[in-house]
There are 2 protein chains.
Amino acid sequence: MARNRIRLSEVAREAGVSPATVSRAISQPDLLSPETLARVRRAADHLGYRPDAAARALASGRSMTIGAVMPTLDNAIFSKALQAMQAQLAEDGYQLLVASHDYSKAAEAECIRTLLARGIDGLILVGAERIAEAAQLLTQSGLPVVMTWCAPDGAPSVLVDNEHAGLLATRHLIGLGHRRIGVITGATRFNDRQRGRYRGVRLALEEAGLTLPPALACEQATTLAGGRMGCAQLLDLAEPPTAIVGGIDLIAIGCMVEAQARGLAIPADLSVAGIDDLDMSAHVSPSLTTVHVPTARIGTEAARMMVATLRDEPGPTTLTLPVDLIVRRSTGPAPARG
Amino acid sequence: MARNRIRLSEVAREAGVSPATVSRAISQPDLLSPETLARVRRAADHLGYRPDAAARALASGRSMTIGAVMPTLDNAIFSKALQAMQAQLAEDGYQLLVASHDYSKAAEAECIRTLLARGIDGLILVGAERIAEAAQLLTQSGLPVVMTWCAPDGAPSVLVDNEHAGLLATRHLIGLGHRRIGVITGATRFNDRQRGRYRGVRLALEEAGLTLPPALACEQATTLAGGRMGCAQLLDLAEPPTAIVGGIDLIAIGCMVEAQARGLAIPADLSVAGIDDLDMSAHVSPSLTTVHVPTARIGTEAARMMVATLRDEPGPTTLTLPVDLIVRRSTGPAPARG
DNA sequence: TCTTCGTTTGAAAGCGCTTTCATCCAGAGT
DNA sequence: ACTCTGGATGAAAGCGCTTTCAAACGAAGA
């Protein structure tokens, strides 16, 4: 950390006021008379004064820094949310300290620990599943926390109804006449988002009186390659599905790639639906039917909620964002019975 | 920032030593006798002591925080580099403070300013183009800076030879007999990476005695949609190219999508090559011929270089990572003359 | 005119840690 | 036996800012 050359006290001297006044000029300008304020400002500009963040943090107990712990940045949905979060926080004068754990619970706990030690004013998390140690750290720190995507009832959070998303995608396929529907999700073990979506799929099937044979459900990495592998697995079955739901768009797109590589036409031979609505999903060929999840908004709203909490502004402490089915070209009527 | 309950002085009392000793136990354990060290550690563990980052930063002048300014996080190449950077920094006990500017020079300057004010120990940047104000801020701050992807000669940096990447992709197409080669880059105005790649393309064409008619070069957003639009533009020409180089994979993939949507076969009717080698590029259909850019390694190495600099370790101050042509299925021999 | 109040400013005490500098002591050297 | 050396520890002075608390002042009320 570069020692700033100019200190607050020097600005005070230059402006002919006390250090306290300069401090107030920075953080509570209303308290000063317009003339004094102007004089201080002029002096500060003149000297090129920049307050020292560490000193402010130490003296005030606030660091103006929010921590965010994400599963990974290497996935459009999280990096997009992070991008939006950062933009919103910057607008309110906060900075974002980022950590990612690559879907490891232990690593997540470590992230939380270091972020906590680093002196943050609030913490934004993804999902609500974590080891006891991490949860305990959080509660005993008393730090404001906002969870995203998933959270237990009542916890401050910005959510999407993952179950509903799975439900919408599956209902759509059922409505098109599909009866044999496969599902490929990401690992559900440390991922309540994927679990919720999977539940939604099952729910829709049950509603329609259909069953999900175990062979038609598989877990894969949440990547395009994972989607390809999962699709290959399902298509190799003696009775392959006529439609597949991907737990995230990346998987669904992988499915399409694999199916097309095998000479299948989409949606004539196989319908594919995803969940997320990535930017690219509208542009792949055929365009992907999916459930839109307002990823960027999750970031924005989480940031807003965090700032509101820190400012003691009243307001809703949980927010559920809507998900919508976007019907595109990758889904169509079930093929006639052979 | 949650006020930590336990202070260093309390640990000192518990351990029966002076605060100075506890401080040394944390940051310079070698200075202490093994017994004292153990005693202090025990006391600290027992009380659940966590040092206050702001106080350490203020007293020591080091914040153990590195800032990174990226164009956007909403692009796999940057988020991947960031992910790697973060992982490496975490290993060395540093934290990452992230900001992004969405390809705006003014916003970038603002990012640099706030990051500087936030008290960071070093700054990692992408590219070397920025407004004078930002450049001046950097030099007068005297902060260690590492640039990535692009940088002027001699500046501490982790680079890739963007020009060479463009060259490799284009030579490959020329080698396949293509003579009418189109190129779609991202905006080159505030993007020295894309400019370098474009230069490489021109260079390869010149080498082969070919020209690049202005109509065959276009700039588009660095997205899949941008690639589609650019491809449409080139294919609508009276004399469309037989091969297209995309400034980044995302554009190249967009090209393929557009061409396929128009009923063209790849590579029979049109060859497409990209630069980056995204994860997905191996999995799209047909798989994309591209130039591999070690994105994650850029992040890792930049982090390493930063830490080495901060520790005053000797070592190379610029590092150029190799790029390699990866031939896949999206490129093939030029169609026979009609 | 005298009190009361609100507004604006200053004095000074920290915030929790790091870091000289000084001290102490044991063993090495003579 | 006596100085010298180096390692281990402590005392204390900040790091640059915020924030009570109190003072000073002019205006308003009695």
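Proteins get letters first, then strands, A, B, ... in listed order; numbering begins at 1 in each. Please read all numbers here as calculations on a predicted model, not as lab measurements.
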| message | With a 3.5 Å distance limit and no angle check, can you tell me whether A:D74 reaches the backbone of B:K80 through a side-chain donor-acceptor pair? | response | no
Protein-nucleic acid N or O pairs under 3.5 Å, nucleotides 4-9 of chain D:
{"from": "D:dT9", "atom 1": "OP1", "to": "B:S33", "atom 2": "OG", "distance (Å)": "3.2"}
{"from": "D:dT9", "atom 1": "OP1", "to": "B:T36", "atom 2": "OG1", "distance (Å)": "2.2"}
{"from": "D:dT9", "atom 1": "OP2", "to": "B:S33", "atom 2": "N", "distance (Å)": "3.0"}
{"from": "D:dT9", "atom 1": "OP2", "to": "B:T36", "atom 2": "OG1", "distance (Å)": "3.4"}

| Nearest-nucleotide comparison on DNA chain D, the residue closer to the 5′ end among B:A20 and B:A55 | B:A20
| query | Roughly, in whole Å, what's the span from CZ in A:R62 to P in D:dC17? | reply | 15 Å
| message | Keeping A:R50 on the side-chain end and B:A117 on the backbone end, is there a donor-acceptor pair under 3.5 Å? | response | no
| remark: note: B:D52, atom CG; C:dG14, atom P; distance rounded to Å ~ 17 Å
| query | A:E301 and A:R304: salt bridge (Lys or Arg N to Asp or Glu O under 4.0 Å), yes or no, with the steps? | reply | CA-CA 5 Å; A:E301 296 294 347; A:R304 276 214 187 104; 3.2 Å; yes
| field | Axis bend over the full length of the helix from C:dT1-D:dA30 to C:dT30-D:dA1, computed from five pairs that close each end, to 10 degrees | value | 40°
| task | Rounded to the nearest angstrom, tell me the gap between atom CZ in A:R50 and atom C1' in D:dC17. | result | 16 Å
| task | Could you walk me through whether A:E14 and A:H46 pass side-chain hydrogen bond (donor to acceptor under 3.5 Å, both in side chains), step by step? | result | CA-CA 9 Å; A:E14 168 93 4; A:H46 178 223; 2.9 Å; yes
| remark: The side chain to side chain contact (heavy atoms under 4.5 Å, CB included) partner of B:I120 among B:L115, B:L96, B:I66 is B:L115
| Integer-rounded Å distance: D:dC17 P and A:Q28 CD | 16 Å
| request: Please state how far atom CZ in B:R56 lies from atom C1' in C:dC15, giving the value in whole angstrom units. | output: 16 Å
| request: Check whether any side-chain heavy atom of B:I26 sits under 4.5 Å from a side-chain heavy atom of B:R56, and report yes or no. | output: yes
| field | Rounded distance in Å - CD1 (B:I26) to C1' (C:dT19) | value | 14 Å
| message | Strictly below 4.0 Å: does A:S60 bring a side-chain N or O up to OP1 or OP2 of D:dT18? | response | no
| query | Do B:D92 and B:M306 come within less than 4.5 Å of each other through their side chains, counting heavy atoms only? | reply | no
| field | Contacts of A:Y94 that satisfy ring-ring contact (aromatic ring centres under 6.0 Å, His included) - sequence neighbours left out | value | none
| message | How many whole angstroms separate atom CD1 of A:I6 from atom P of D:dC17? | response | 10 Å
| message | Starting the side chain at C-beta, find the nucleotide from C:dT18, C:dC17, C:dA12 nearest to B:P51. | response | C:dC17
| said: What is the separation between atom CG on A:L58 and atom C1' on C:dC15, rounded to the nearest whole Å? | reply: 4 Å
| request: Begin with the C-alpha distance, continue with both residues' side-chain angles, and end with the deciding distance and a verdict on salt bridge (Lys or Arg N to Asp or Glu O under 4.0 Å) for B:R13 and B:E10. | output: CA-CA 5 Å; B:R13 194 172 337 121; B:E10 306 180 26; 5.7 Å; no
